[in-house]
Protein chains: 2
Amino acid sequence: MGKPRPSAPTISEVAAAAGVGRATAARTLGGYGYVSAEMRDRVLAAADALGYRTNQLARSVSTGVSHTIGVVVADISNPFFGGVALGISEVASARGFDALVLSTAEHLEEEINAVNVLVDKRVDGIILSSAACAADSTAHLQLPNEQGIPLVLLDRLIPGLDLDAVVIDNRAAARHATTELIAAGHSRIGFIWGPPVPERIEYRRELVEAAGRNLWSDGERLTGYLDALDDAAIPLDLDHIMLGEKTEMRAYEAVTRMLALDAAPTAFFCTETDALTGTLHALRDAGLAIPSQVSIVGFDDSSWAAVMNPPLTMVRQPMLELGRQAAELLLSRIDSGAGDAEPPMQRELETEFIERESVAPAPTHS
Amino acid sequence: MGKPRPSAPTISEVAAAAGVGRATAARTLGGYGYVSAEMRDRVLAAADALGYRTNQLARSVSTGVSHTIGVVVADISNPFFGGVALGISEVASARGFDALVLSTAEHLEEEINAVNVLVDKRVDGIILSSAACAADSTAHLQLPNEQGIPLVLLDRLIPGLDLDAVVIDNRAAARHATTELIAAGHSRIGFIWGPPVPERIEYRRELVEAAGRNLWSDGERLTGYLDALDDAAIPLDLDHIMLGEKTEMRAYEAVTRMLALDAAPTAFFCTETDALTGTLHALRDAGLAIPSQVSIVGFDDSSWAAVMNPPLTMVRQPMLELGRQAAELLLSRIDSGAGDAEPPMQRELETEFIERESVAPAPTHS
DNA sequence: CTGTTAGCGCGTTCAC
DNA sequence: GTGAACGCGCTAACAG
């Protein structure tokens with residue numbers, strides 16, 4: 001029997017100290033049922049004399065509601081997920097819920113484990129940004145619903161599954177960004193980064209397929225890029241798509257390699273922060289000026305993008321809003337209980353294209 | 001009686017299905033006590049036939065251990081706290097603990113509330129980055145210990161209190177940074193930002209005192225700055241200290257104002273990210289080049305600092321390490337139970353001065 | 001080794 | 001209105 005700690009006073013102790021029955025104490029302390037003003041005062045007095053605090057754990061096993069939601073993301077230190085987490089806890093805490101947040105480092109095993117942990121701790125709902133992509137390897141996403149725990153997907157859809165989700169319109173965002181680059185006169189646009197396949201890709205179809213096998217949002221961004229190229233009838237150059245492991249270092253190398261091409265890109269679209277910093281490094285080392293020699297557009301607007309030299313043109317994602325809406329959707333599901341109500345819904349938030357000074361007309365080669 | 005959900009199977013149901021006593025089922029499922037291999041198999045089979053999952057909540061009320069720690073920070077979307085949170089959950093989850101993370105937006109009330117919530121949810125320990133400063137207004141920091149819940153302070157000490165804590169050596173970091181600036185030939189160094197007092201300050205003593213009344217880490221950084229000035233026998237110019245609300249906008253205004261001074265700073269030490277971006281904005285608008293016309297050193301090294309034009313010299317804080325060590329300290333306290341063992345300890349981590357290209361000799365005025 | 005029984009702290013029904 | 005008594009799901013003595 002574990003209570004190695006300075007015993008926290010229980011409701012019974014308070015009742016005893018107040019000279020009333022346990023139930024009466026429970027009613028006043030729990031704020032339900034009827035209790036006379038006089039009794040209430042006695043109980044309340046005894047309660048804070050003893051420093052009584054409700055044991056929410058015990059309450060939860062009794063009521064079946066923990067007032068806790070689970071949040072599982074790839075990496076809480078990533079400002080994107082940090083913003084999302086803040087949005088979530090804003091609306092959650094306003095409604096009396098707290099968040100148990102777990103990071104998975106994009107590992108499916110850890111994600112599975114995270115879901116199990118959350119289910120076992122009886123959270124009232126889960127918000128999850130899954131690393132899963134194929135409709136296989138998603139058994140763990142069934143579990144919560146089997147246990148009656150609402151689940152909403154965040155930032156990343158899973159193609160085969162019809163689940164609640166709140167995401168960004170990545171495809172439209174990428175299409176917009178690429179189109180702007182094209183409008184500025186660019187036709188050779190580096191895409192940093194594409195699917196993390198190691199092998200060289202020969203055909204467009206392979207590329208699209210590879211993207212589909214990996215992270216959904218990345219695939220969407222690539223598709224948007226392709227859309228824009230198609231719109232302008234610009235042929236796809238597979239050498240302009242970064243493949244392989246997605247790290248800043250790899251981005252650096254990919255850009256450096258592209259720059260050495262005969263048909264080197266005159267612009268780069270960087271779909272993530274690390275992709276952007278890697279690209280920036282490469283451009284600096286290549287001695288290329290932005291935007292006179294090469295243009296650039298980034299994803300994930302951060303405070304520093306505006307303060308760069310030159311200020312960077314970016315597509316901004318509404319991180320807080322993403323979190324807020326996911327939390328709202330989840331809470332509404334929690335409210336309606338197992339009343340197997342509405343069908344799953346996917347909400348898609350718009351991004352904003354922030355025009356600054358890193359895009360200029362393509363240099364006219366002599 | 002709440003169970004509005006698709007009932008999760010209980011240990012009793014598993015026992016029944018397996019045709020054994022509840023205790024036997026409990027033992028095998030709980031992994032304790034003795035149980036024959038044959039029985040175990042029967043139980044295990046029944047368990048996963050029913051899809052049994054331990055209710056950790058119930059287990060916790062029984063054992064008094066929740067395997068959950070509370071983390072309260074000002075703002076989880078701040079990359080600094082995000083990094084810290086990741087460090088914490090790394091070591092915590094390796095030991096089977098999960099983190100309930102709450103953001104307070106630097107509001108003392110929310111901090112107090114957060115601590116109450118965590119205590120009520122019976123977390124096994126708390127890591128907290130407090131907005132409190134004076135030794136008054138810290139009653140809420142007593143509560144956990146009264147309830148036998150270990151608490152470790154993170155990133156911010158509270159002068160009057162002797163509690164476990166893991167922090168950065170802010171004073172040494174600021175002293176180092178300022179000294180570097182001085183060594184480069186600067187004597188008029190803007191400090192962005194100082195204490196958030198609205199009024200103009202006339203004397204150094206007032207300044208130090210004002211700093212002391214506010215955030216500890218800010219006070220330390222200011223003190224380090226003062227140390228460096230003293231070391232070099234450079235008189236303090238109060239006009240070079242930013243006062244007032246700490247926002248990017250205010251930093252912008254403060255720097256702009258300082259730049260208009262007869263004795264304008266030739267260098268700036270920015271003690272936080274927003275202070276840095278605000279300063280950068282102001283310098284750009286003033287048309288001043290870095291580092292030829294003005295030098296700059298920032299705090300909170302971020303990936304983008306290296307990719308700026310020019311690359312920024314920064315003092316880097318070991319965020320992950322901060323989180324990891326806080327978690328380790330907390331877990332060790334949890335391990336030793338209420339065995340009122342070791343006295344509180346404060347660990348102080350060193351920062352790293354990253355020299356890049358935003359510091360140059362002070363321009364020699366004609 | 002197994003099953004019985006009594007807790008853990010709180011919610012809730014149901015006579016008094 | 002009030003309090004005794006039982007249930008939530010699990011742990012843990014204790015007999016057998």
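Everything numeric in this text was worked out from a predicted model, so none of it was measured. Naming: A, B, ... by sequence-line order, numbering from 1 per chain.
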Practice task
Please confirm whether any donor atom in the side chain of B/S62 sits under 3.5 Å from an acceptor in the base of C/dG7, or the reverse.
Solution key: yes
Exercise for the section: Mind calculating the distance between CZ (A/R22) and P (C/dT12) to the nearest angstrom? Expected result: 18 Å
Exercise for the section: Starting from C1' on D/dC8, measure out to CG on B/N55 and report it in whole angstrom. Expected result: 9 Å
Exercise for the section: Could you tell me whether A/R27 contacts a base, only the sugar-phosphate backbone, or nothing, with contacts defined as non-hydrogen atoms closer than 4.0 Å? Expected result: base
Handout entry: Along DNA chain C (nearest heavy atom to each residue), the more 5'-positioned of A/G30 and B/A58
Key = B/A58
Practice task
Take the protein atom NZ of A/K121 and the nucleotide atom P of D/dG9, then report the distance between them rounded to whole Å.
Solution key: 19 Å
Exercise for the section: Among C/dG9, D/dG3, D/dA12, find the nucleotide with the atom closest to the side chain of B/A23. Expected result: D/dA12
Problem - Whole-Å distance separating the NE2 atom of B/H67 from the C1' atom of D/dC10 - result: 14 Å
Practice task
Check whether any side-chain heavy atom of A/L100 lies under 4.5 Å from a side-chain heavy atom of A/V123, and answer yes or no.
Solution key: yes
Exercise for the section: Would you tell me whether A/H140 and A/E111 have side-chain atoms, one donor and one acceptor, within less than 3.5 Å of each other? Expected result: yes
Practice task
Check every atom of D/dG3, C/dG9, C/dC8 against the side chain of A/T10 and return the nucleotide holding the closest atom.
Solution key: C/dG9
Problem - Residue that, paired with A/R347, satisfies side chain to side chain contact (heavy atoms under 4.5 Å, CB included) out of A/V166, A/V167, A/L322 - result: A/V166
Practice task
State whether B/T63 places a side-chain N or O below 4.0 Å from either non-bridging phosphate oxygen (OP1 or OP2) of D/dT11.
Solution key: no
Exercise for the section: Considering just the side-chain nitrogens and oxygens of B/S36, establish if one lies under 4.0 Å of OP1 or OP2 belonging to C/dC1. Expected result: no
Handout entry: Contact check, side chains of A/V84 and A/L320, non-hydrogen atoms, under 4.5 Å
Key = no
Problem - Atom-pair distance (CG on A/L57; P on D/dC8), nearest Å - result: 18 Å
Exercise for the section: List the steps and the verdict of side chain to side chain donor-acceptor pair (under 3.5 Å) for B/T68 and A/K121. Expected result: CA-CA 10 Å; B/T68 302; A/K121 289 202 172 173; 2.7 Å; yes
Handout entry: Separation of D/dG9 P from B/I11 CD1 (nearest whole Å)
Key = 11 Å
Exercise for the section: Report the distance from atom OH of A/Y34 to atom P of C/dT12, rounded to the nearest whole Å. Expected result: 14 Å
Handout entry: Proximal nucleotide (of C/dC10, D/dC10, D/dG3) relative to the A/R59 side chain
Key = C/dC10
Handout entry: Whole-Å gap separating P (D/dT2) and OH (A/Y32)
Key = 13 Å
Practice task
Assign each of A/R53 and B/A37 to its nearest nucleotide of DNA chain C by heavy atoms, then name whichever residue's nucleotide is nearer the 5' end.
Solution key: B/A37
